[in-house]
Chemist: 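Below is a structure I'd like to ask you about.
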Amino acid sequence: MLFNTIQFVIFLPLVIVLYYLMPHKYRWILLLAASYIFYMFWDVRYIFLIVSSTLADYLFALQMEKHETRGKRKLYLILSLVVNLGLLFTFKYLNFFTTSLNGLFQATDLAVSISPLKVLLPVGISFYTFQTLSYSIDVYYGRQKAERHLGIFALYVSFFPQLVAGPIERFSRLAPQLKQNHPFKKENLVAGLQLIVYGLFTKMVIADNLAIFVDKIYESPDAFNSLSLFTGMVFYAFQIYGDFFGYSLIAIGSAKIMGVNLIDNFQNPYLSANIREFWQRWHISLITWFRDYLYFPLGGSRVKKLRWALNIAVVFVVSGFWHGANYTFLIWGALFAVFYLLSNRIFNSTQNFRKTSVKGLVSVIGTFIIVLFLWIFFRSPDLSTAVLFLKNLFSNSGTDQIYTIVPPVVWIMLSVFVISDILLYNNRIDKWLSARSMPVRILVMAFLAFCIIVFAAVDHTPFIYFQF
Amino acid sequence: MMRNPKIYIVAFSLLAFLVSGNYLYENFFYEDDLQKYSEVINQIRAVGEDTDILYIGESSNNTFHPDDKDKRAISEMLIDYLPEMEICDITYPASHAGTYYDILRAIPVEKKINTVVVTLNLRSFNAQWIYSDLETQLQKSMVLLKPYPPLFNRFLLSFKAYDNKTKEERKRKIRHKWKHDKLVFPEPFHVDNTYDWDGYHWRHGGKQPDGTLDKALRELACHYVKGYGFQIDINHNPRIKDFDKIVKLAENRGWNLVFNLLAENTEKADEIIGSELTYFMEYNRKLLYDYFTGQGVKVVDNFYIAPDNQFIDQDWTTEHYREDARKDIAENLANSIKQILYNNN
């Protein structure tokens with residue numbers, strides 16, 4: 001079920017009403033059932049993956065806690081890693097490796113060919129796998145007690161607002177909230193609705209409208225002139241931001257209405273003054289996951305400089321590969337590592353300038369341009385498209401112009417989004433609105449709601465991060 | 001009563017938003033959206049105030065062969081037999097009873113239509129058409145025509161409140177129907193569903209007398225099996241429900257209703273598949289004819305009217321006819337309409 005469909009418009013209020021009508025001790029049953037139904041709207045068959053992942057981690061964690069010897073605990077951690085990463089590998093990466101191997105066989109004239117697996121990538125598998133992995137690792141290190149209540153644990157894995165595209169929550173943050181009794185609070189309802197409306201605006205009005213033109217450009221980058229390609233780069237930057245930020249806001253807002261606070265996933269990433277700061281503001285729940293479960297175990301920054309640089313590179317390359325089984329994502333991650341290291345060298349201490357100063361503005365614009373270029377690899381379906389895009393960007397060999405066919409309303413809406421992002425710097429729409437008078441709150445919400453209804457793109461456009 | 005004035009402010013704001021939003025949308029954006037997403041509105045608007053006959057159909061109405069001397073649509077040929085009548089048509093490619101219903105419902109009540117001729121295409125009852133890729137676009141184009149306030153229609157469109165499935169979902173649905181809908185043959189047969197039947201022809205079909213494989217013929221055989229190898233379930237086929245709704249609508253609007261049961265290439269079906277397939281074609285024809293006649297609709301049976309050489313597409317299953325067949329269908333229809341009008345008077 002997609003957040004931007006009529007099914008969700010009916011589903012969410014129904015769940016919320018039932019949630020508040022139900023006694024606290026039964027709410028987990030409702031939320032678990034709702035979460036599984038939510039997931040099964042996409043494909044009934046793949047619910048077994050979530051259930052198996054849940055059962056495996058639930059049992060392994062209990063076993064880990066039961067045994068005091070390090071060896072036994074490690075055995076159950078390894079089992080958890082094998083199950084989770086095994087599922088992820090089979091459904092997400094196996095075909096990438098078979099295709100790569102087949103290519104290698106072909107290049108070396110070996111008459112061997114491995115048939116690819118005919119499976120659909122289960123929506124959100126990377127998200128819930130990482131969520132359960134963090135739990136197992138935390139239990140192994142004794143940072144987290146194993147959960148006895150299977151229902152609560154299953155709900156932690158599958159809580160529908162953040163099930164398919166995050167934010168990736170830690171057990172220690174989410175589970176206590178799921179156990180807690182949340183009486184109905186008007187403030188939660190208002191804040192939640194404000195977040196959902198703004199999220200729908202960024203997804204349906206910004207991301208989905210820009211997607212139309214971005215798709216055109218990436219279909220044949222050789223046909224467009226440089227300015228169009230650059231326009232496409234800017235559009236994609238705001239498409240992916242509007243899409244994923246929008247999803248996160250709707251997730252956070254939906255949970256908020258039920259009294260559950262999810263982690264903020266974005267904080268004005270395009271207003272970052274360097275790449276390091278960008279990664280403190282973009283997909284925060286993923287990058288903190290990598291920090292805690294990959295970067296720190298590798299030694300983090302408490303190692304020699306070269307080793308530290310290697311750690312950074314590993315984190316970014318793995319994070320690129322997490323996004324998708326494609327060389328484009330690997331390159332995207334590797335390039336981000338390079339720019340991260342460079343930016344760390346240049347800005348080796350906290351910034352000592354204001355972003356509104358000339359130096360600050362130049363840094364923000366410079367960072368944005370670097371990110372624009374790196375998105376080319378992220379968006380391109382394959383490496384040759386990315387290379388073609390870059391070649392044509394600098395050679396201006398195409399003649400088609402995209403900006404002439406973009407309707408004025410798209411430019412206006414994009415401007416509204418950019419301005420609102422600046423206004424909401426280090427803030428969130430619900431918090432910003434709570435400091436405004438009632439007429440202003442009503443007007444802003446009415447404007448956003450009107451834009452969602454009237455200017456939303458109408459084509460079927462799933463959230464970009466669902467594919468990861 | 002006034003303990004919490006904020007609730008009243010919110011309620012009033014919501015009402016004001018809906019009313020003013022609808023006004024703004026209807027006056028400044030609606031027409032653009034109609035032209036962009038529901039172009040068929042122009043055909044609906046073109047229906048005359050005092051139309052005698054409205055013909056509604058898909059591409060079978062106006063597809064012609066380049067060699068045809070008379071390239072007119074079936075609906076246009078009707079005038080040859082009913083010269084005194086004002087005839088209009090709404091032709092919407094790939095459409096079916098579900099969309100005809102939405103279109104007919106969108107015709108303003110003030111337009112005084114006497115008789116509505118609705119295309120009854122047998123293949124539109126099969127799984128391939130019901131779950132066709134084109135369905136999402138088709139359904140999307142109907143949303144703004146719904147009889148609700150324009151802003152609400154746009155809300156439905158924005159939130160994809162229509163049959164909005166991905167290609168994969170549609171493929172899965174089709175495959176499921178082919179595999180699980182049991183076919184009851186008159187004589188014992190080696191398969192009992194469309195999926196296996198199609199598979200059989202894929203493996204064994206298209207063989208020339210000398211044993212060589214004719215790939216095009218094999219593909220055509222499979223098309224025929226998938227296109228006609230099904231049995232309509234009156235209680236569950238969604239198309240039946242769509243036609244039922246049209247019958248009700250016509251009753252409410254006081255229209256004479258004629259269903260134009262289109263010709264199918266039974267000759268070719270018999271030649272490349274055999275009597276097992278023509279059995280199902282006939283089974284479904286009779287079922288549709290009896291069912292809708294039983295509902296008081298005039299069903300004009302053109303099922304067997306066109307010989308093989310009158311079908312334009314020889315390598316595909318379509319209802320696209322050459323000039324003679326179009327004329328025959330028009331004549332048949334005109335005779336039935338005359339009969340209805342004669343009986344009414």
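Convention: sequence-line order gives letters A, B, ...; per-chain numbering from 1.
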Chemist: Please confirm whether the ring centroid of A:Phe450 lies under 6.0 Å from the ring centroid of B:Phe155.
Modeler: no
Chemist: Under a 4.5 Å heavy-atom cut-off, does chain A meet the side chain of B:Leu14, its backbone, both or neither?
Modeler: neither
Chemist: Is it the backbone or the side chain of A:Met445 that comes under 4.5 Å from a heavy atom of chain B, or both, or neither?
Modeler: neither
Chemist: Pick one of side chain, backbone, both or neither for A:Ala457, based on which atoms fall under 4.5 Å of a heavy atom in chain B.
Modeler: backbone
Chemist: Heavy-atom cut-off 4.5 Å, strictly under: side chain, backbone, both or neither for B:Tyr37 against chain A?
Modeler: side chain
Chemist: Would you call the rings of B:His190 and B:Tyr200 parallel, tilted or perpendicular if under 30° counts as parallel and over 60° as perpendicular?
Modeler: tilted
Chemist: Report yes or no: does A:Lys256 contribute a side-chain atom to a donor-acceptor pair with the main-chain N or O of A:Glu187 at less than 3.5 Å?
Modeler: no
Chemist: Does anything in residues 190-206 of chain A get under 4.5 Å of chain B by heavy atoms, and if so which residues?
Modeler: A:Leu200, A:Met204
Chemist: Does the separation of the ring centres of A:Trp411 and A:Phe235 fall below 6.0 angstrom?
Modeler: yes
Chemist: Is any side-chain heavy atom of A:Asp430 closer than 4.5 Å to a side-chain heavy atom of A:Ser434?
Modeler: no
Chemist: Report yes if the side chains of B:Tyr23 and B:Asn27 come closer than 4.5 Å at any heavy-atom pair, otherwise no.
Modeler: yes
Chemist: Show your working on ring-ring contact (aromatic ring centres under 6.0 Å, His included) between A:Phe245 and A:Tyr241 and close with a plain yes or no.
Modeler: CA-CA 6 Å; A:Phe245 178 44; A:Tyr241 178 36; 5.0 Å; yes
Chemist: Charged N to carboxylate O below 4.0 Å: is that the case for B:Asp242 and B:Arg239?
Modeler: yes
Chemist: Between A:Asp43, A:Val454, A:Thr5, A:Val9, which has the largest tally of heavy atom pairs under 4.5 Å with chain B?
Modeler: A:Val454
Chemist: Side chain from CB out, backbone as N, CA, C, O: work out which of these in A:Phe8 comes under 4.5 Å of a heavy atom of chain B, or both, or neither.
Modeler: neither
Chemist: Return the OG to CZ distance between A:Ser415 and A:Phe417, rounded to the nearest 0.5 Å.
Modeler: 12.0 Å
Chemist: Identify the residues of residues 90-108 of chain B whose heavy atoms come closer than 4.5 Å to a heavy atom of chain A, ordered by number, or report 'none'.
Modeler: none
Chemist: Mind telling me whether A:Tyr46 and A:Phe91 have parallel, tilted or perpendicular rings, with 30° and 60° as the class edges?
Modeler: perpendicular
Chemist: Please find out if less than 6.0 Å separates the ring center of B:Phe230 from that of B:Phe125.
Modeler: no
Chemist: Taking only heavy atoms into account, what residues of residues 400-407 of chain A are found under 4.5 Å from chain B?
Modeler: none
Chemist: Got B:Thr136 and B:Asp163 here, is their nearest side-chain heavy-atom distance under 4.5 Å?
Modeler: no
Chemist: Roughly how far, to the nearest 0.5 Å, is OG1 of B:Thr166 from CZ of B:Arg172?
Modeler: 6.5 Å
Chemist: With a 6.0 Å cut-off on the ring centroids, do B:Phe29 and A:Phe455 count as close?
Modeler: yes
Chemist: Using non-hydrogen atoms only, which part of B:Phe17 is less than 4.5 Å away from chain A: side chain, backbone, both, or neither?
Modeler: side chain
Chemist: With A:Leu443, which residues qualify under side-chain contact (heavy atoms from CB on, under 4.5 Å), at least two apart?
Modeler: none
Chemist: Quick one: do B:Lys140 and A:Asp459 satisfy salt bridge (charged side-chain N to carboxylate O under 4.0 Å, His left out)? Show the steps, please.
Modeler: CA-CA 9 Å; B:Lys140 194 171 86 180; A:Asp459 280 322; 2.4 Å; yes
